[in-house]
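Working notes for the structure below.
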Amino acid sequence: MTGRGLHDRGGRGAYNRAMQNSDVVKIFEELADLLEIQGANPFRVRAYRNAARTIGDLPESLAEVLATAGRRLEDIPGIGKDLSDKIKTIAETGTVPQLEELREQVPRGVVDMLRIPGLGPKKAAALFKELSITSLDMLKAAAESGEVAKLKGFGEKTAKSILEGLAHAQQAGTRMYFADAQELTEPILADLRRLPSVTQAEAAGSYRRRRETVGDLDILVTSNDSAAPMDLVAAHPLVEKVLARGDTKQRVRLKAGIEMDVRVVPDESYGAALQYFTGSKDHNIVIRRRAQERGLKVNEYGVFQGDTAIAGRTEEEVYRAVGLPWIPPELREDRGEIERAEAGTLPKLIELADMRGDLHMHTTATDGAATIAEMIAGAKERGLKYIAITDHSKRVSMANGLDADRLRAHWKAIDKIRGQTTGIEVLCGVECDILEDATLDLPDDVLAEADWVIAVLHYGLKQPREQIMQRLLNAIRNPHVKAIGHLTGRLIGKRPGAEMNRDEVLRAAADHGKMIEINAHPSRLDIDDVGAAAARDLGIPIIIDTDAHSVNGLDVMQYGIWQARRAGLTADDVANTRPWGEFKKLLRK
DNA sequence: GCCGTTTTCGGCCCGACTGTTTTCAGTCG
């Protein structure tokens, strides 16, 4: 028996099971900010940020790891003795003493300064130490009075940029739905591609990785004339202001509030630049480390052996130079994709063309804009072979939700139309609310008549975790429920999802043979990529649905596909890629 | 603060741009 074994057992049981991974993420991020302002070792700061990110991506809860005999936090990459102890302290007390001490030394307002573009930890610290500025209001006053400009290392331009930054502080750091970013990016790319000097133009960054939200936009252009593309973007009607411009890089702010980098590289560097600017940062760090190990250097211009470029025209070349096959952008998050690439076990990711069914959509019977016949026609046009019409149950009164009688009449109408339709199977379904008291919104005898029941949370999302769990587990145990839709109920950037033990929910779904939905709507994308991967690992059939409320709403399927690709899903992992005859077997009671 | 068949110390990815400098620190991605 080792001393460590005794220690590990000692604290167990005292842990607060309500600790969320996100609590630890927030504390580690704040510690990183505070330490950075204090001028701590940058690698120490990075250790906190890395740990925060790893924990944010973790498919299981730290509380559960702590409560499981034989599991150690230190087995998580990036978590050592010190951070492991801090997590235990957070589990027991909700905070760590170090955080409280640092908060006393560095006022909140100083941390807030980090959100202003152009202000980093060093300048924020100087403003605090030299001018005793502790709030954004004080900062504004000091910048206006000329005090800031007089400070060593600052000047007129810095003061001016701080005032501008303050005006945008609200917007800064806010992220945009991928779908909204698309409407800004694609027109600018199209215009760039029309320039005679431009050979290639592509969006890189989190946009190319198809993240749910995009913080800023990275445009990569190959051209023998760097001025022309930069001039085009600077004068583009979607652009508000040029923030910085050099020989190869220009940063602008769009009228929509988001910032865009435009980088111009020569053709022979295109692959290296695309790889480099697609990121993620963490993925690239590993790639560059691999290069170092091979005596190479990777930058945005190519892969170099000494001064000789040995690769760079294509991404494939760059990956090959570090001993890897090409990795799809959606996977580039350093979540194991590099190891899988090395082992030759990268998944063949699902594509839009694989989809054959859509099991979640609405009609004019509730809050949809199109009739049953119109939705069926729209689905056929999009090549779907089977769909489920799933209007709301009565609890969703705002959407004119259906009670038992209206639902039965609705099904009768669907049945009549499907009898006259060929080339597509149509299921009489329902999106049944899981009520606050953990019962379902429709009685079992009604649900038993449905071809397809997808159960969802809409109301009472702020209930305590225990009650949410009760609701989800009850729904999963109901024999008529086939799938759980938009699991957490989150609306990205607007409302967090319900608190739950996702591992436990997924295990129950696996045990009871239920499917889990990726809701493809750009504001939902729920279950998320990490959750979908966890569900896949448990053998749960995943479905990707549009939740369409109109015929055009069927087109959001692509966003769900991208989310699934980020989860590393193949067509086999997704149930509604199967032909109808195969899918039908999953519906057997 | 983490990490390790070049281990328990000494590393930790790399470059562009800006503003304030007089050769570079800070910020950003």
Side-chain angles (χ1 to χ4, degrees), chain A residues 28 31-32 35-37 39-54 73-87 96 98 113-127 148-162 164-165 172-173 204-209 214-220 226 230 242-252 259-265 269 272-273 275-293 295-304 322 334:
Chain A
F28 282 3
L31 279 171
L35 286 168
E36 205 170 19
I37 290 167
N41 175 354
F43 295 106
R44 189 177 161 211
V45 172
R46 203 165 82 191
Y48 279 100
R49 294 203 197 285
N50 278 344
R53 175 184 158 275
T54 303
L73 292 171
E74 279 138 290
D75 293 335
I76 302 169
I79 310 284
K81 176 84 178 74
D82 184 272
L83 293 183
S84 165
D85 285 346
K86 285 198 168 65
I87 293 169
V96 281
Q98 192 194 7
M113 289 183 207
L114 300 180
R115 290 209 315 271
I116 298 169
L119 275 192
K122 293 289 193 318
K123 286 205 162 85
L127 291 163
V148 169
K150 278 185 282 189
L151 208 55
K152 183 162 177 264
F154 291 65
E156 290 295 341
K157 289 198 173 174
T158 306
K160 186 162 170 272
S161 120
I162 286 173
E164 281 185 21
S206 54
Y207 184 91
R208 184 158 177 256
R209 303 200 311 278
V214 176
D216 61 7
L217 297 164
D218 293 282
I219 303 290
L220 184 65
S226 71
M230 288 201 227
V242 176
L243 300 174
R245 177 164 176 165
D247 292 337
T248 64
K249 174 180 160 182
Q250 174 176 256
R251 189 166 181 85
V252 300
E259 292 180 7
M260 174 182 274
D261 278 345
V262 180
R263 292 169 162 103
V264 186
V265 299
S269 297
Q275 195 285 325
Y276 192 94
F277 294 121
T278 297
S280 68
K281 187 177 171 164
D282 300 286
H283 175 90
N284 284 357
I285 286 174
V286 180
I287 295 298
R288 296 198 284 268
R289 197 180 294 141
R290 287 181 68 95
Q292 272 191 335
E293 288 163 11
L296 304 171
K297 187 177 73 169
V298 176
N299 60 26
E300 61 263 56
Y301 300 109
V303 182
F304 294 87
V322 295
D334 188 25

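The chains referred to below are lettered A, B, ... by the order of the sequence lines, with proteins before strands, and numbering in each begins at 1.
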- Query: Atom CD1 of A/I162 to atom P of B/dG26: distance rounded to whole Å?
  - Reply: 15 Å
- Tell me which nucleotide among B/dC12, B/dT27, B/dC2 gets nearest to the side chain of A/F43. B/dC12
- Can A/L119 and A/L127 be said to form a side-chain contact (heavy atoms from CB on, under 4.5 Å), step by step? CA-CA 10 Å; A/L119 275 192; A/L127 291 163; 4.1 Å; yes
- Task: Rounded off to whole Å, could you give me the CG-to-C1' distance for the A/N284 and B/dG15 pair?
- Result: 13 Å
- Message: Of the options B/dG29, B/dG1, B/dC12, whose atoms approach the side-chain atoms of A/L83 most closely?
- Response: B/dG1
- Query: Contact class for A/S161 (heavy atom, under 4.0 Å): base, sugar-phosphate, or nothing?
  - Reply: nothing
- Taking the side chain of A/E300 as its heavy atoms from C-beta onward, which of B/dG26, B/dG29, B/dG15 lies nearest to it? B/dG15
- Side chain of A/D216 - closest among B/dG29, B/dC17, B/dC2: B/dG29
- Message: Just the rounded figure in Å: distance from P of B/dT27 to CZ of A/F154.
- Response: 8 Å
- Message: Among B/dC12, B/dA16, B/dC14, which nucleotide has an atom closest to any side-chain atom of A/K249?
- Response: B/dA16
- Out of B/dA16, B/dC2, B/dG29, minimum distance to the side chain of A/K281 belongs to B/dG29
Name every donor-acceptor pair, under 3.5 Å, that has one atom in a side chain of residues 154-162 of chain A and the other anywhere in the protein, sequence neighbours excluded.
none

- Message: Looking at A/N299, I'd like to know whether one of its side-chain N or O atoms comes within less than 4.0 Å of OP1 or OP2 on B/dG15.
- Response: yes
- Message: So for A/N50 and B/dG1, does any side-chain atom that can act as donor or acceptor lie under 3.5 Å from a complementary atom in the base?
- Response: no
- Message: Rounded to whole Å, please give me the gap between CZ in A/R44 and P in B/dG11.
- Response: 20 Å
- Message: Taking the minimum atom-to-atom distance to the side chain of A/K157, which one of B/dG29, B/dT20, B/dC2 wins?
- Response: B/dT20
- In the strands shown, is B/dT8 matched to any nucleotide by a Watson-Crick or G-U wobble pair with both distances under 3.5 Å, and which? none
- Message: Side chain of A/R46 only, heavy atoms from C-beta on: which candidate in B/dG1, B/dC12, B/dC17 is closest?
- Response: B/dC12
- Item | Side-chain N,O (A/R251) to OP1/OP2 (B/dA16) below 4.0 Å | no
- From B/dT18, B/dG29, B/dG19, pick the nucleotide closest to the side chain of A/T158? B/dG19
- Message: Measure OH/A/Y276 against P/B/dA16 and give the value in whole Å, please.
- Response: 8 Å
